[in-house]
Amino acid sequence: MSYLLDRKKNNQKTIKIIIILIIVFSLSFIFRLDVLLSKTAHSIATPIWQTKIFLGEKIQSYSFFITSKKNLLKENNQLKGELFVFKGDLIQKEALLAENLALKEALSRVVKKTSILAVVLAKPNRSPYDTMVLDIGENAGVIKGDLVEAFEGVIIGKIEEVFSGSSKVRLFSSAGVKTEVIIGEENIYTTATGLGGGNFTTSLPRGVAIEEGDYILLPNINSQVLGIVGKIIANPEDSFQRILFKLPLNLSQLKWVKIIKDYQSGDTSYYKSFNSFLGSEILKPQVLAFHSPYVANKKNDLN
Amino acid sequence: MPWWFSLLLAVILFFLFNNFVEIIIAGLLIDIIYGVPQVTFLNFSFIGGLGGLIIYLLGIYFKKGLKFYH
């Protein structure tokens, strides 16, 4: 009998908790309490994340004690080889970039940008939302809407929420996020939808020539890479082909990112007209430069 | 630790403890720390909390139905 009474009391307690939670959910949805709660949670969590990163780096720096000499030598040789290849790519890239900028300057399109380096405190695999947490916020002048760059020319997301000493980034690959992109050699404009985990999808008529390994660019004078085509699904009964692509980098390996703060362009009339044409927010111009090892490898594979 | 590991752990703990309301709180914490308004959920921010609540309610239903649980 007492057992049944206990269970009844337990159930009543549970119902009360659920009702309170539903009220909290509703109020937070109406009054955006999540921002306030996030601010408090981040002020507590940021020092913990920073300590964790610090300790992780310290432990990693002593890991050579338990690694064999043979392995270290092998790894060293492999890295030297990779470095040699990347140096070659970098020289070519710098030459092309200089030429590109000189040409733009000659045509009154001076493009300069300023950016701030930020440490990634929490990576997307930690959260089911495809978001990142960075170690700088209002203290460094970060504002909502600033673009986040992983490597030179690879834009991965936008600042969504800013706190005093941290900020949240919503990745373009977050589920349901739509981004205007350019695909293929024919420069087809289309809208890509995020699938989460650095993946995207888009649809194009079947007649459009797209190949696996093609670059997906953001509509901009300085072509910024958003992804590389991974798979094309085309059924004979469907007039559209589904294109699956992903970011040209591994998000879980990111340690630092750059927050693009400002850009200067000699003539922005192109962007203004393009913005009004699309009727939506469009990305600002940046300086393009490939620096992603993945992109470099992909380029070599394609060649 | 990836998020799915936390979810798996929460489900296991839910069956270990009698009244594991913490699963909802854990969901809410994940929302507060990592979450942003979700486009696919009409810009609702507390998907983790709501998910925790659904798992909690479903869990109670399953617990009642399991012969070997009590």
Side-chain angles (χ1 to χ4, degrees), chain A residues 3 6-7 9-11 13-18 20-22 24-29 32-42 44-46 48-49 121-133 157-161 166 168-171 174-178 193-196 252, chain B:
Chain A
Y3 169 73
D6 280 351
R7 282 200 75 175
K9 271 183 190 172
N10 249 349
N11 282 346
K13 196 181 157 190
T14 308
I15 290 164
K16 270 181 196 169
I17 291 166
I18 290 166
I20 291 166
L21 282 168
I22 289 169
V24 169
F25 282 148
S26 314
L27 284 174
S28 68
F29 192 55
R32 292 303 313 271
L33 283 176
D34 54 323
V35 179
L36 189 75
L37 291 169
S38 283
K39 214 172 185 174
T40 318
H42 271 247
I44 300 164
T46 305
I48 299 168
W49 278 320
L121 293 177
K123 291 168 192 175
N125 61 342
R126 292 283 174 81
S127 77
Y129 301 109
D130 229 24
T131 54
M132 283 197 312
V133 182
K158 266 183 182 180
I159 298 287
E160 185 66 31
E161 282 173 22
S166 62
K168 272 188 214 171
V169 181
R170 187 202 291 269
L171 299 175
S174 294
V177 173
K178 293 191 188 305
T193 310
L195 293 174
S252 58
Chain B
M1 215 166 45
W3 64 270
W4 53 263
F5 185 79
S6 312
L7 181 73
L8 194 73
L9 194 72
V11 172
I12 293 166
L13 289 173
F14 186 79
F15 282 93
L16 276 178
F17 296 102
N18 199 23
N19 196 19
F20 194 60
V21 190
E22 288 85 349
I23 196 167
I24 307 168
I25 296 158
L28 278 172
L29 262 178
I30 289 173
D31 290 334
I32 289 164
I33 295 171
Y34 303 109
V36 287
Q38 293 299 300
V39 183
T40 40
F41 290 90
L42 302 167
N43 284 332
F44 185 62
S45 309
F46 292 97
I47 310 297
L50 197 68
L53 186 66
I54 291 165
I55 292 171
Y56 182 80
L57 294 174
L58 283 175
I60 290 171
Y61 177 76
F62 274 115
K63 273 179 181 177
K64 275 180 187 168
L66 289 172
K67 266 186 182 176
F68 58 84
Y69 186 73
H70 290 289

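Residue numbers begin at 1 in each chain, while the letters A, B, ... track the order of the sequences. Since this is a predicted model, take the numbers as computed values, not measurements.
- Side chain of A/Thr131 to main chain of B/Gly35: no donor-acceptor pair is present (N/O by atom type, distance under 3.5 Å, no hydrogens or angles).
- Heavy-atom distances place the side chain of B/Ile24, and not its backbone, under 4.5 Å from chain A.
- Proximity to chain A (any heavy atom under 4.5 Å) is restricted, for B/Tyr56, to the side chain, taken from C-beta onward.
- With a 4.5 angstrom heavy-atom cutoff, B/Leu57 touches chain A only via side-chain atoms.
- Between atom CZ of residue B/Phe14 and atom CG of residue B/Asn19 there is a gap of 8.0 Å, rounded to the nearest 0.5 Å.
- Rounding to the nearest 0.5 angstrom, the gap separating the CZ atom in A/Arg170 from the CD1 atom in A/Ile159 is 12.0 Å.
- Rounded to the nearest 0.5 angstrom, A/Tyr129 OH and A/Lys168 NZ are separated by 9.0 Å.
- For the set B/Val36, B/Ile25, B/Ile47, the entry with the most heavy-atom pairs within less than 4.5 Å of chain A is B/Val36.
- Only the side chain of B/Leu53 has a heavy atom closer than 4.5 Å to any heavy atom of chain A.
- Although no hydrogens or angles enter the test, the distance criterion places no donor-acceptor pair under 3.5 Å between the side chain of A/Thr193 and the main chain of A/Gly176.
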